[in-house]
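The chains referred to below are lettered A, B, ... by the order of the sequence lines, with proteins before strands, and numbering in each begins at 1.
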Amino acid sequence: MAARTRERTLELPCPSVRFEPDFVRRLELFADRIAAARGRRESGAGAAVAGGGHEFVGYRPYRAGEDLRALDWNLLARLDRPFVRVTRRETGERWLVVLDASASMGVGPPGKLQRAAEVCAAIATLALRLSAEVTISVSPEGGTRTRRAIELEKRSDLGDLLAFLESQRAEGGAPERTLQSLALPLRDASRVFVTSDLLSFTPADLLPLARSGRELALVQILAPLELNPELDGGVEWWEPESGERLVLALDEHARASYAVELESRLAAWRTACAERGVSHACSSSALPFEDVLRRSLRGASR
Amino acid sequence: MIPVPALSLGLLEWDRPLALFAAIVPVLVWILARTGASPPRIATGTLAIWCAVAARMPAADRRARARPSLALWLAIASLALGVIALAAPRVPLAPAARVWRLYLDRRPAMYLRDRETTRIEHAVAAARSWIEKTARPDDGIVWIDSIGSRAETVSGREPPAEWTRAPRIPREAPDWRALDDRGAVWITDREPEIEPLQATLVLSGGESVPGPIDASGTTRWDWDGERIVAVPNGVAVRRVAIDGDLARPLARMLEAWAASRGLAIDPRSSAEVALRVRTVRGSAVEPIEAGRDGWRARGEISGSAAAADEDGPLGTWLDAPTGSMRRALISRGSGRISSAWLSMEEPEGDPAAFAVSLASLFDACVLPPPGVVELRDRLSVGSVAVKAPKASSSGSVASGGALPPERSGSPVGARAREPALRLDAWFALAAFACALLALTRTRALRGVAPPAVARARSIG
């Protein structure tokens, strides 16, 4: 029988965040490239940033899966081809970036929390480059965490952001969380980014964040060991949030069953997000943050 | 630290066999891994998925015994290989062939019977026992009956049975000085006059054996253990045989000597004789002039005196230069004399010198009556003993100094220096490689992404 037990005294493999010395340079470079793409309305990478605002700047062809509310019905009637209205964001726009720092984000290597923090920093840098205000909110509350949010208005605040992110540790959380449990400072946020492994949520928990005038992007990050467990023989799996453990004999069949089950759960996220026009992309924590974010922005453009 | 000899196990030889006891370490690790060790504990956020997978698996498949990981197997292999390397295995390339040469003293004294056994039987038994303990199974053993410069050799663990019986012609002691080398074993009854530097000495010892010690005419002189007593008519008249025409001065001296010693000249005697004098007949006759001991004579010779006959080699007693080489004119051995002189003029110089010189020759060659052994040989010579050569520093015979040289030409001594393919370095290298691989696998699980993980698979 598979043994399922509880123990909370185990140590996480990658619980903390540490930025490399050249990380700021990489952030600036990444933000420059995305901002440059902003001008190219049809650019996949810049579309997410350029779309969904208030100031009309033009049209672009409709892509399957996009929110039909963005469709210009008049143009469709005249040209018999679907086009989407593209608007420029106005200054004073506010972005909210949610960093999931629950215990399960300490899984790795490479650590999911590390990569999620890098993604958050990159989004914040991009927001400041686009003259938007940005709030970084860390979830869940409690533990050693004394400060759970930081607001940024100018690029000089970037140092504070990095220090704030480096102070985070993967801890706390529960296997099943709700939107209310996140206690997000949504206020008038026009864009919400959630960087998480999404393993404690269901689509119904988070997708309500997307509504008219607010775009939602889900940046899902999983560890290589979770995406493709190349292990053989007996393994004792340990869930950091619940403390539950499961001793299981891994073989090719078990790994194949796992892959099918994981894929079905990811597919459920993809389908639900596509239906609500929410950007979603699942990436490995082994990918550099630039690739993770590029994939997420590309997903948002569809 | 107590030195432990090399051990032969299977096809390998182990220079440090005690290190093999360390093999218990990888065995214990393996047993612990099989029984008590828990599987690796890995944090994951997808436990719910694994639980779902486990729920669908057959009960028997859900929890297999915690199998040791590949890293652990590699670590065990590393330990095992390291132990093997420590034990210093090697493959002997060719069996080291050594030859022990056992020189047997066959003097009359060796055949003196001490109660039930002769001294030579005692000595051979002692030598055989010692060689059984000392020689390796693949060593060669050669028994040698050294007869002057000639030697009769027989291979095997035992000498020929006939060597334990007294030879027809009494032997002199071997020339020990010429036989002193590594692997030589001198088998005799007492310590020889020279001390061996490299040869091992096997002594039979023996108690005193009373008996005949000399004979003169028909009178025999016996030693009864305390005194020497004369035994009139104790021996038969001994005979001197002459084969061929002996040069006249030589024949005259032989007759005079035989008469004084109580021996009878019997030119046609074919029975056992005390002395046989032969004249060699070659194809060409040459004039010659030769001498010694203060006399000199001219005459004619035909060929050379015999260098050996059916009873063994003969030593040159008189020779002369002919051309660029010296030619033997008279040679002699125990019980026989060979002469190349066809004719000889009366010797020049002092006639007495000629007589004394030839009498010495005849006395040295004439055989004693059967059973006569010199008094000094009949005295007690101690007990059986095996003595290491002088060159053996430790005093132990088998410690190295007495070992025979290898046939391959490699140095004599410890077995570690025998030609062999050493494997310890290769095993150490394999152990290091396994340890490195084990470490890599461990790091992959604990925090450093291995190449397989670095190839990130993305789903989105």
Heavy-atom side-chain contact between [X] and [Y] under 4.5 Å:
X       : Y       : result
T195(A) : V292(A) : no
I221(A) : F289(A) : no
W130(B) : T200(B) : yes

Under 4.5 Å from a heavy atom of chain A, the part of A43(B) involved
both
Top contributor to chain B contacts, counting heavy-atom pairs under 4.5 Å, from A223(A), S264(A), G111(A), S257(A)
S257(A)
For A254(A), which atoms come within 4.5 Å of any heavy atom of chain B: side chain, backbone, both, or neither?
both
Do S104(A) and E241(A) pair up side chain to side chain, a donor and an acceptor below 3.5 Å, judged on atom types alone?
yes
